[in-house]
**Q** 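What follows is a single structure, and I will ask about it in a moment.
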Amino acid sequence: MQVQEIMSRDPACCGRADTVRDAAQIMADQSVGSVPVLNDSGEPVGIVTDRDICCSAVAQGKGVDTPVSEVMSTDVLTTTPDEEVSSCCDKMEERQVRRAIVTDENGKCCGIVAQADVARSASDRETADLVHQISKPERKSGCC
C-alpha cells in the first residue's frame, strides 16, 4: 500500500508569520491536531501541533499573536505519495513522530499522513508496532 492511498490530501496550512491564534483556528475549523507550516513556495519548513501551542506558547506565557515560527517544530518528516506505507511507518517509528508531511515531485506540500491514518488502514500488527515505537520514552517531551 502506498502513502497516497491513506493520506489526507491538501491539508490546511499556514506560513511562518501566521500567529498561534491563526494555527489554533485552523485546527479548530478543520478538527485536526497539526498544521504544516510552508514557505512562500509551498514547501514545508515546519509543523505546528496542538501540543506545540500548549507547551511552547501557553506554558511559556507567549501570547496568541506569537508567530508560529517561534513554537513550531522544524525537524519535519516528509514522505512522498508513492512511498510504501510500511517504509513511512519505519521512518515515523525511528523519529518517534506521529505524522509526516507528504510532498510532491517539486517538494510542495500535497498531503499529510498521521498515525490515525495508518490505524484506519494498516494491519493491527503494523498499527501496534507504530504506536509502540512512537510512544517509547526515549526523548523528553517539550514541556512535560
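Side-chain atoms are counted along with the backbone in the values below, which use heavy atoms only and exclude waters and symmetry mates.
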**Q** Pair Asp22, Cys14 - check side chain to side chain contact (heavy atoms under 4.5 Å, CB included), show working.
**A** CA-CA 8 Å; Asp22 296 331; Cys14 64; 5.7 Å; no
**Q** Write down the atom of Val45, the atom of Leu38, and the distance for their closest heavy-atom approach.
**A** CG2-C, 4.1 Å
**Q** So does Ala114 get a backbone contact from the side chain of Asp117, meaning a donor-acceptor N/O pair under 3.5 Å?
**A** yes
**Q** Would Asp90 and Ser87 count as a side-chain hydrogen bond (donor to acceptor under 3.5 Å, both in side chains) if you check the C-alpha gap in whole Å, the side-chain angles of each, and the deciding distance to 0.1 Å?
**A** CA-CA 5 Å; Asp90 289 345; Ser87 173; 5.5 Å; no
**Q** I'd like to know if the side chain of Glu43 reaches the main chain of Cys109, judged simply by a donor and an acceptor atom lying under 3.5 Å from each other, with no hydrogens or angles considered.
**A**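 Between the backbone of Cys109 and the side chain of Glu43 there is no qualifying donor-acceptor contact (under 3.5 Å).
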**Q** Side chains of Lys108 and Ser41: does their closest heavy-atom pair fall under 4.5 Å?
**A** yes
**Q** Considering non-hydrogen atoms only, spot the tightest contact between Thr103 and Cys110 and give its length.
**A** C-SG, 3.8 Å
**Q** Which value, rounded to the nearest 0.5 Å, describes the distance between Cys13 atom SG and Gln30 atom CD?
**A** 10.0 Å
**Q** Would you compute the distance between atom OG of Ser31 and atom CD1 of Ile26 and round it to the nearest 0.5 angstrom?
**A** 13.5 Å
**Q** Are Ser73 and Thr49 side-chain neighbours, meaning at least one heavy-atom pair lies under 4.5 Å?
**A**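 Result no, sub-4.5 Å side-chain heavy-atom pair not found.
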**Q** Is it true that Val32 and Val20 fall in one hydrophobic cluster, defined by side-chain heavy atoms closer than 4.5 Å?
**A**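 Yes, because Val32 and Val20 connect within a single hydrophobic cluster, where side-chain heavy atoms sit under 4.5 Å apart.
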**Q** Kindly give the heavy-atom pair with the smallest separation between Arg99 and Met92, and that separation in Å.
**A** N-CE, 3.6 Å
**Q** Check the pair Ile47 / Ile112 against side chain to side chain contact (heavy atoms under 4.5 Å, CB included), numbers first and verdict last.
**A** CA-CA 11 Å; Ile47 190 164; Ile112 192 165; 4.0 Å; yes
**Q** Please answer: with hydrophobic residues joined when any side-chain heavy atoms are less than 4.5 Å apart, are Met7 and Val85 in the same cluster?
**A**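 Yes; tracing contacts between hydrophobic side chains, which count when under 4.5 Å, links both residues.
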**Q** Hydrophobic clusters here meaning ILVMFWY residues chained together by side-chain heavy-atom distances under 4.5 Å, can you tell me if Val102 and Met1 are in one?
**A** yes
**Q** Do you know the tightest heavy-atom contact between Pro11 and Pro36?
**A** CG-CG, 4.2 Å
**Q** Can you give me the closest heavy-atom contact between Gly15 and Val68, atom names plus distance?
**A** O-CG2, 3.2 Å
**Q** So, Thr66 and Glu70: side-chain donor and acceptor under 3.5 Å apart, yes or no?
**A** no
**Q** Is it true that Ile101 and Leu77 fall in one hydrophobic cluster, defined by side-chain heavy atoms closer than 4.5 Å?
**A**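 Different clusters: Ile101 never reaches Leu77 through Ile, Leu, Val, Met, Phe, Trp or Tyr contacts under 4.5 Å.
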**Q** If we only count heavy atoms from C-beta on, is the Glu83 to Gln2 side-chain gap below 4.5 Å?
**A**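 Answer no - side chains too far apart.
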**Q** Apply the test side chain to side chain contact (heavy atoms under 4.5 Å, CB included) to residues Val71 and Val48: give CA-CA distance (whole Å), side-chain angles for both, the deciding distance (0.1 Å), then the verdict.
**A** CA-CA 7 Å; Val71 300; Val48 62; 4.0 Å; yes
**Q** Measuring from atom CD of Glu105 to atom CG of Asp82, what distance do you get when rounded to the nearest 0.5 angstrom?
**A**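 If I round to the nearest 0.5 Å, the distance is 9.5 Å.
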**Q** If I take atom CD from residue Glu93 and atom CZ from residue Arg95, how far apart are they, to the nearest 0.5 angstrom?
**A** 13.5 Å
**Q** I want to check something: taking the side chain as every heavy atom from C-beta on, are Val118 and Ile6 in contact at a cut-off of under 4.5 Å?
**A**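 Val118 reaches Ile6 side chain to side chain.
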**Q** Above 12 or not: heavy atoms from other molecules or residues under 6.0 Å from CG of Asp40?
**A** no
**Q** Could you report the tightest heavy-atom contact between Val37 and Arg16, atom names first, then the distance?
**A**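 Residues Val37 and Arg16, closest heavy atoms: CG1-N, 3.6 Å.
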